[in-house]
Structures are given as structure tokens and as C-alpha cells.
Protein chains: 2
Amino acid sequence: MKRSSRLSLALHALVHLHKQPGEAITSSTLAQCLMTNPVVVRRVLGTLREAGIVAASKGHDGGWRLLRPAGEISLRQVYAAMGESLLIRTESDPGDIACGIVRTVNAVMGDFIADAEALLAARLERVSLDDIAREATPNPLHPNHHGAHSHG
Amino acid sequence: MKRSSRLSLALHALVHLHKQPGEAITSSTLAQCLMTNPVVVRRVLGTLREAGIVAASKGHDGGWRLLRPAGEISLRQVYAAMGESLLIRTESDPGDIACGIVRTVNAVMGDFIADAEALLAARLERVSLDDIAREATPNPLHPNHHGAHSHG
DNA sequence: TTTCATGTAACTTTTATTGTTACATTGCTC
DNA sequence: GAGCAATGTAACAATAAAAGTTACATGAAA
């Protein structure tokens with residue numbers, strides 16, 4: 001797989017778990033769906049486990065499952081759990097700071113980013129895993145149904 | 001320099017140009033200020049030149065200069081010129097798309113990102129290069145003056 | 001006790017970005 | 001026009017971050 005992000009991998013895995021409510025799914029099975037390998041799945045879901053979103057069981061019939069109903073899992077929670085910023089890092093190395101302008105640019109952009117971060121988090125809070133799952137199934141036809149949702 | 005972004009490099013360079021209104025500044029001189037090397041400066045400012053924000057002149061006393069007053073250069077323009085997204089890329093490789101959920105996740109996140117992108121751009125429009133420059137000079141003392149600005 | 005799963009560490013591969021070297025081009029000055 | 005001083009750009013090397021891989025310890029169930 002080329003250059004995905006842990007966040008989308010996580011969402012993808014979670015939707016799968018949601019669609020298989022009864023039984024646990026193994027890392028290997030998920031890895032096939034996500035077109036990656038089991039260790040990467042464990043890495044990603046491992047952080048979600050620490051956040052109390054999923055649980056893993058070992059041994060026979062072990063695997064991953066959701067700890068809460070999908071409607072109660074917001075994208076913000078997932079995003080926060082991943083510890084990944086939605087925004088790029090714009091700060092340059094302060095280094096020896098010869099001219100001071102670097103610091104100002106860093107500070108201004110840093111403020112802006114922090115501000116934006118909060119704004120985006122608030123929007124992600126309004127989308128639940130279930131929202132994505134519902135969008136994922138309806139009818140495999142009509143792939144042009146995307147766009148125009150309610151995150152505005 | 002470790003892992004900065006072209007955007008902050010660009011802003012830093014622009015502030016320098018703004019503070020030297022009369023004369024052109026060479027890539028080498030800027031490179032020293034930005035703690036990088038001349039070619040990188042040319043690469044970054046080159047894209048700003050294509051956007052009509054700066055101009056370069058060759059030969060004796062050549063170098064870079066602003067084409068417009070700093071008050072009329074918004075961060076959005078700079079940001080748009082760099083063609084760099086403020087947001088991380090969350091899409092995973094559609095690949096062969098075995099399960100269709102990938103596409104949905106990509107679509108939902110894509111929508112969200114596009115939406116957020118527009119929102120951030122609107123905010124960047126309200127900050128001008130001059131705003132940063134004014135912030136950069138006042139008094140070198142009080143470095144703890146950052147934070148709490150007006151991009152909200 | 002065997003089997004199947006996670007948990008994790010260590011390492012390799014891949015990809016993006018930045019840094020560097022080299023050289024052509026253009027404009028200014030003498 | 002000669003020569004210098006700058007940009008413009010291509011090609012390549014170095015670096016860093018992310019993902020992929022291998023290997024093995026641990027724990028749970030049949």
C-alpha cells in the first residue's frame with residue numbers, strides 16, 4: 001500500500017468490526033481487507049485499544065471487536081486516539097535563531113494550526129463511525145453518491 | 001534544517017523581502033537567514049514568482065523583491081501558490097478495492113478534508129504578510145508575547 | 001499440550017523531502 | 001565584447017519518516 005494514513009486505516013478497520021458485530025476478527029483477516037499486513041493492523045488497533053475503543057482477545061476465536069456501539073464512537077475520538085494531526089507541521093527548526101523572524105513565523109503559524117485543530121476536532125465530533133458505515137453499504141451501485149454531507 | 005515546510009520557508013523569506021523594500025535580496029543571502037541553501041530558496045520563491053507574488057532579477061544587484069505591498073499579500077495567496085495542503089493526505093490506495101469500504105472511507109474523509117481546506121483558506125485570507133511582519137519586529141524583548149491573536 | 005491469536009521488538013524497504021553539485025542562461029558593468 | 005554575478009533547472013545524494021517484514025514471547029482456548 002502506498003502512503004495511506006493510520007487514521008484512514010483505523011476507520012476502515014473499525015467499519016469492518018462494526019459490520020461483524022457478533023464475532024471477533026483477526027488481524028490477518030483485517031490485513032487482507034486493508035491490503036496491508038497483520039502487524040500494521042495490530043499497531044493501529046493497538047492504539048485504539050489503549051483508548052478503550054476496541055478490545056483484543058487471544059487464543060482460539062480471538063481477534064478484535066468494538067467496545068462500544070458505532071453510534072457512540074465519533075471520528076474525533078478515533079482521531080484523538082491516533083495522536084495524529086490532521087494538519088501538517090509547519091514549524092521550521094528554530095536552530096540558533098539568527099534573525100528572530102523564524103520564531104515569529106513559527107508562532108503565528110503555530111497559533112493558527114492550534115486554532116484550526118480545535119475547529120476540525122469539533123467537526124469530527126459530529127460524525128460517528130455509524131455514519132460512515134451507513135454510507136458504506138446502501139447500494140453498491142451509485143458510486144457517485146458521495147459528496148454533499150453534513151459536516152458543514 | 002530538519003523537516004520544515006515549504007510554506008513556512010516561503011513566509012520567512014517574504015518577511016525578509018518586506019523588510020528590505022528598496023533593494024533586491026539574493027538567494028544566497030536569504031539562504032543564510034533561512035538556514036538552508038540557495039537552490040532551495042530559488043525553488044520556493046520560484047513558485048511564488050509564478051504566482052506573481054515576487055520577482056527575480058539576474059545580474060549585478062539582482063535578487064528577489066516583492067511585487068505588491070505586504071498588506072495586499074494574504075497568507076492564503078502564499079499558501080495557494082505553494083500548492084501545499086495544510087491538511088494531511090488521508091486517502092489510502094484504492095488499489096483493487098476488494099470491499100468497497102475503502103472507497104467510502106476515502107470519500108467521507110475526502111469530503112471532510114476539502115471542506116476543512118476551504119474553511120482554513122478563508123481564515124488565511126484574513127492574515128496578511130504585513131500582519132506577520134509587524135508582529136516580528138516590535139520589541140525583541142518580550143518573546144513571550146506570542147499567542148492570542150485575531151485569527152478566530 | 002497443542003494450536004491460534006495478540007504484543008512487541010528489531011530490522012528492511014519504500015517514499016518524500018531536502019540538500020548538493022553542476023551548468024546553462026541572462027543581465028549588468030567595465 | 002569580456003567577465004562577473006545573479007537566477008533557472010536538472011540530476012543526483014543524503015536524510016528522515018512511514019510502512020512492511022521477520023521473529024519470537026505471551027496468553028487463552030480446545
Side-chain angles (χ1 to χ4, degrees), chain A residues 1-10 12-13 17 20 23-51 53-65 67 82-85 87-93 95, chain B residues 1-10 12-13 17 20 23-51 53-67 82-85 87-93 95 102:
Chain A
M1 172 178 300
K2 42 185 74 165
R3 206 31 53 137
S4 108
S5 82
R6 297 200 299 285
L7 180 55
S8 54
L9 267 188
H12 189 177
L17 292 181
Q20 212 85 7
E23 52 195 311
I25 308 183
T26 71
S27 303
S28 296
T29 303
L30 282 171
Q32 287 183 303
C33 301
L34 312 205
M35 289 190 294
T36 179
N37 70 70
V39 176
V40 172
V41 171
R42 285 182 208 132
R43 279 208 278 248
V44 168
L45 291 188
T47 71
L48 295 182
R49 174 178 42 111
E50 290 169 9
I53 295 175
V54 300
S57 53
K58 299 180 173 180
H60 262 294
D61 292 323
W64 302 90
R65 65 184 73 219
L67 278 181
M82 299 308 295
E84 198 174 69
S85 177
L87 295 145
I88 62 170
R89 213 161 280 305
T90 62
E91 313 207 337
S92 28
D93 184 11
Chain B
M1 170 178 302
K2 42 185 72 164
R3 203 37 45 142
S4 107
S5 82
R6 297 200 299 285
L7 180 54
S8 54
L9 265 188
H12 188 177
L17 293 181
Q20 211 86 7
E23 52 195 310
I25 308 182
T26 70
S27 303
S28 296
T29 303
L30 282 171
Q32 285 182 304
C33 301
L34 312 206
M35 291 189 293
T36 180
N37 70 69
V39 176
V40 172
V41 171
R42 285 183 207 131
R43 278 208 279 247
V44 168
L45 291 188
T47 72
L48 295 181
R49 173 177 42 107
E50 290 170 8
I53 295 175
V54 300
S57 53
K58 297 181 174 180
H60 261 295
D61 293 323
W64 302 89
R65 66 185 71 220
L66 293 184
L67 277 182
M82 300 307 296
E84 198 174 69
S85 177
L87 296 146
I88 63 169
R89 211 161 282 304
T90 62
E91 312 208 335
S92 28
D93 183 13
V102 207

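What's counted below: heavy atoms across the whole structure, side chains too, no hydrogens, waters or symmetry copies. This is a predicted model, so every value here is computed, not measured.
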**Request:** Starting at atom CG of B:L34, determine the distance to atom P of C:dG19, rounded to an integer number of angstrom.
**Result:** 10 Å
**Message:** Heavy atoms only, 4.0 Å cut-off, all strands: where does B:G63 land among base, sugar-phosphate and nothing?
**Reply:** sugar-phosphate
**Message:** Expressed as a whole number of angstroms, how long is the span from B:M82:CE to C:dT17:C1'?
**Reply:** 13 Å
**Prompt:** What is the distance, rounded to the nearest whole Å, between atom CZ of A:R49 and atom P of D:dG27?
**Reply:** 13 Å
**Request:** Mind calculating the distance between CG (B:L7) and C1' (C:dA16) to the nearest angstrom?
**Result:** 17 Å
**Prompt:** Is there side-chain contact between A:V44 and A:M82, with heavy atoms separated by less than 4.5 Å?
**Reply:** yes
**Message:** Contact between B:L30 and B:H12 at the side-chain level, heavy atoms closer than 4.5 Å - yes or no?
**Reply:** no
**Message:** Between P on D:dT7 and CG on B:L17, what's the gap in Å once rounded to a whole number?
**Reply:** 11 Å
**Prompt:** In B/S/- notation, 5' to 3', how is nucleotides 20-30 of chain C contacted by protein heavy atoms closer than 4.0 Å?
**Reply:** BB---BBBBS-
**Prompt:** Do B:V54 and B:L67 come within less than 4.5 Å of each other through their side chains, counting heavy atoms only?
**Reply:** no
**Request:** Quick one: list whatever passes side-chain hydrogen bond (donor to acceptor under 3.5 Å, both in side chains) with B:E84, sequence neighbours left out.
**Result:** none
**Request:** State whether A:T26 places a side-chain N or O below 4.0 Å from either non-bridging phosphate oxygen (OP1 or OP2) of C:dA5.
**Result:** no
**Fill in**
A:E50 CD to C:dT6 P, in whole Å, measures 16 Å
**Prompt:** Once you round to the nearest 0.5 Å, how far does CG of B:L45 lie from CZ of B:R65?
**Reply:** 13.5 Å
**Message:** How many whole angstroms separate atom CZ of A:R6 from atom P of D:dG20?
**Reply:** 12 Å
**Asked** Tell me: CG of B:L45 to C1' of D:dG8, nearest whole Å?
**Response** 13 Å
**OG-CG distance between A:S85 and A:L7, expressed to the nearest 0.5 angstrom** = 10.5 Å
